[in-house]
2 protein chains.
Amino acid sequence: MAVQRIADPASENSRERKNGKRSSVTLKDVAAAAGTSVSTVSLVMNHKPGARIGKDARARVLKAIDELGYRPNTLAQGLARGRSNFIGLVADSIATTPFAGQIIHGAQEEAWKRGYVLLIANTEGDRDLERRAIEEFMEHNVSGVIYSTWYHHEITMPPELTQVTTVLVNCSDPNSEVTAVVPDEFRGGKAAAQMLIDAGHRRIAFVNSTSISPARTGRRAGYLAALEEAGIPADESLMFDTMPYQEGGMRIAEQVVQTGATGVCCHNDRVAMGLYDALRDRGLRIPDDLSVVGFDNQEVIAAHMSPPLSTVQLPHYELGVVGVKMLLEDVESPDRAGFSRTIRIDCPPVMRDSIRRL
Amino acid sequence: MAVQRIADPASENSRERKNGKRSSVTLKDVAAAAGTSVSTVSLVMNHKPGARIGKDARARVLKAIDELGYRPNTLAQGLARGRSNFIGLVADSIATTPFAGQIIHGAQEEAWKRGYVLLIANTEGDRDLERRAIEEFMEHNVSGVIYSTWYHHEITMPPELTQVTTVLVNCSDPNSEVTAVVPDEFRGGKAAAQMLIDAGHRRIAFVNSTSISPARTGRRAGYLAALEEAGIPADESLMFDTMPYQEGGMRIAEQVVQTGATGVCCHNDRVAMGLYDALRDRGLRIPDDLSVVGFDNQEVIAAHMSPPLSTVQLPHYELGVVGVKMLLEDVESPDRAGFSRTIRIDCPPVMRDSIRRL
DNA sequence: TTGAAAGCGCTAACAC
DNA sequence: GTGTTAGCGCTTTCAA
């Protein structure tokens, strides 16, 4: 009889709809099934430390949760608790370089580990998009936001960020008090030169970038410091500037060779690549004729050059990790708020085969 | 007098606390300020089509919203509406390659454009992490999830995904009915060979990968198809397999040269890089002695090789865009649900200087 | 055209 | 120990 198709509304689980997926079981359902109140269920769900729950009640609740396949609704939790477990990450470029990906990766893992989830926004540096992203984040009640850039430089923070706990990653704002996490360019530059010095080199060229940046200044200072510590006098004629790409490396090669240097530190791996090519074209061998050190440890490239390139690693992953660590520190202990600081993350040397022992 | 410090609780905006940030203005506040009810405010906020609001009331509301700097609380909206504007993206590797970043980028932009925000999770292929990520997503009431891999291959979908609308990106599951978005390897391979053919080459080698994958099979088939269309007989002696890295390219170089081919299609840009190096070492010139075509259009590399490499682009960005497009299509028109399909995204050729016109 | 009120699923007093 | 209940901020009937 057709009438049978008219199901009893009470017996039909009214939650089974919603896009045909995700039939949501609620706290109330669990409570009913376990024969307890919702608060009891809530209590056992949240492992409240002080909360004493009867061994028996807890067991029933757990059983019900399991049987019903209950999953808490974080939106409701957030609403009730007045806070969410979101962290927003705005990146100025997640695709044009492999770097940003590492930052995101690190941030995501650390956030996850701490029970937070990462919301991401890509702005391509567009100020307006940035503003909208931040607003969107705030609408989502993020606990804080990470503002990151793909290359280390100074920025001026979007004004919207003052309304929310923020940490800067791979950039810093000289006019602001936020905490920033950046690579330690100085120690990185020093490590680069040190690899060559340790291998016995004394005449070490330095091919820097033409564009002004903390990387340019910091690495150069590090290089000079390493020389000084080794008692090697600095020699301006060994220091060059070039475009920080393969082309730059190719163009500067001749001059570097002319100096008679036995080793060279490059501003980055790409410059080193250009140098490799130029040297090859001249029939020169690496590391026999010239030892080369890069910077960045750019994945996919450095390890697979011929010979594999010794370089210094830019700690993007770490940057992301430490970024959320600092952020959560600020978020979870509000007393720290406003306490500014700049964290410098070490850039470890990566020894491969482009350095010849003298 | 000290007593003055005891502020009148009523006059002190009780929302000003919350971590010292983000003083949230609520709908109710706006309603009060505008002298209307919350429902009226809600109505104007949502530009409800049918809802007729007095010109006057609307103006007052808008004014209040503006003055108070009101922003809706999406958690509350989500709760009330029974759905969120989240899309979850699980990636098996966001950092180890530049590729995943592009997918995320595309997905993020498209999601954003449609009013959704992207939640991301990185799993490094760990099945357990994957499960937890998906559960976390579901707890956050995501509207759907994108499951993506960094290289195109066949997978078996995590079972948890059956509970939520899903689309696969850069992978496909032969045993499942979900919609998948993948690169069109066949047309890509064809485009690669076509570049050489168009430049007048007839003896074209093909250096494929040793590892089985849709890329390997598809590109080869495309290469053969292009030859056939051009009336060039396939020649097994021109086809090689090698490791899909720089090393592979270096090792195979000699054999390729021996064939007397005037052009060669490489499985990917990295193989092409290896070939470049090996050729340089032999004193051979590209493209004069050999024309080379890569695959992937790997950023940072291809355009800056010397000479810049002609290649075929892997459409990761597009993959991400189309992925969320398809997802939202499924989500927003539930009638489509269960309708399986595989979308192949074109891989456009990118002409640069590694091909010599004959 | 507008307002009142009943939830959405959960948390956190507070009472028993 | 466990249950009751009042919200969290918003949407959405349903009346007025």
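- In this structure, B:Thr36 reaches the sugar-phosphate backbone alone: every heavy-atom distance under 4.0 Å involves primed, P, OP1 or OP2 atoms, never a base.
- Dashed line: the shortest gap from a side-chain N or O of B:Asn73 to OP1 or OP2 of D:dC8 is not under 4.0 Å.
- Residues satisfying the side-chain contact (heavy atoms from CB on, under 4.5 Å) criterion with B:Val38, sequence neighbours excluded, are B:Leu27, B:Lys28, B:Ala31.
- The two residues A:Ile155 and A:Cys171 come nearest to each other via the heavy atoms CD1-SG, 3.8 Å.
- For B:Ser37, no side-chain nitrogen or oxygen approaches OP1 or OP2 of C:dA4 to under 4.0 Å.
- Residue B:Thr40 places none of its side-chain N or O atoms closer than 4.0 Å to OP1 or OP2 of C:dT2.
- Between the side chains of B:Thr40 and B:Ser37, at least one donor N or O sits under 3.5 Å from an acceptor N or O.
- Note: CG (B:Leu79) to P (C:dG7) measures 15 Å, nearest angstrom.
- Toward the 5' end of DNA chain D, the nearer of the two residues B:Ser39 and B:Leu75, judged by each one's closest nucleotide, is B:Leu75.
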How far apart are the C-alpha atoms of A:Val322 and A:Met326, what are their side-chain angles, what is the distance that settles it, and do they pass the side-chain contact (heavy atoms from CB on, under 4.5 Å) test? CA-CA 6 Å; A:Val322 176; A:Met326 294 300 114; 4.0 Å; yes
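- What separates CG of B:Leu27 from P of C:dA5 is a distance of 17 Å, to the nearest Å.
- As a whole-Å value, the separation of A:Ile53 CD1 from D:dT2 P is 6 Å.
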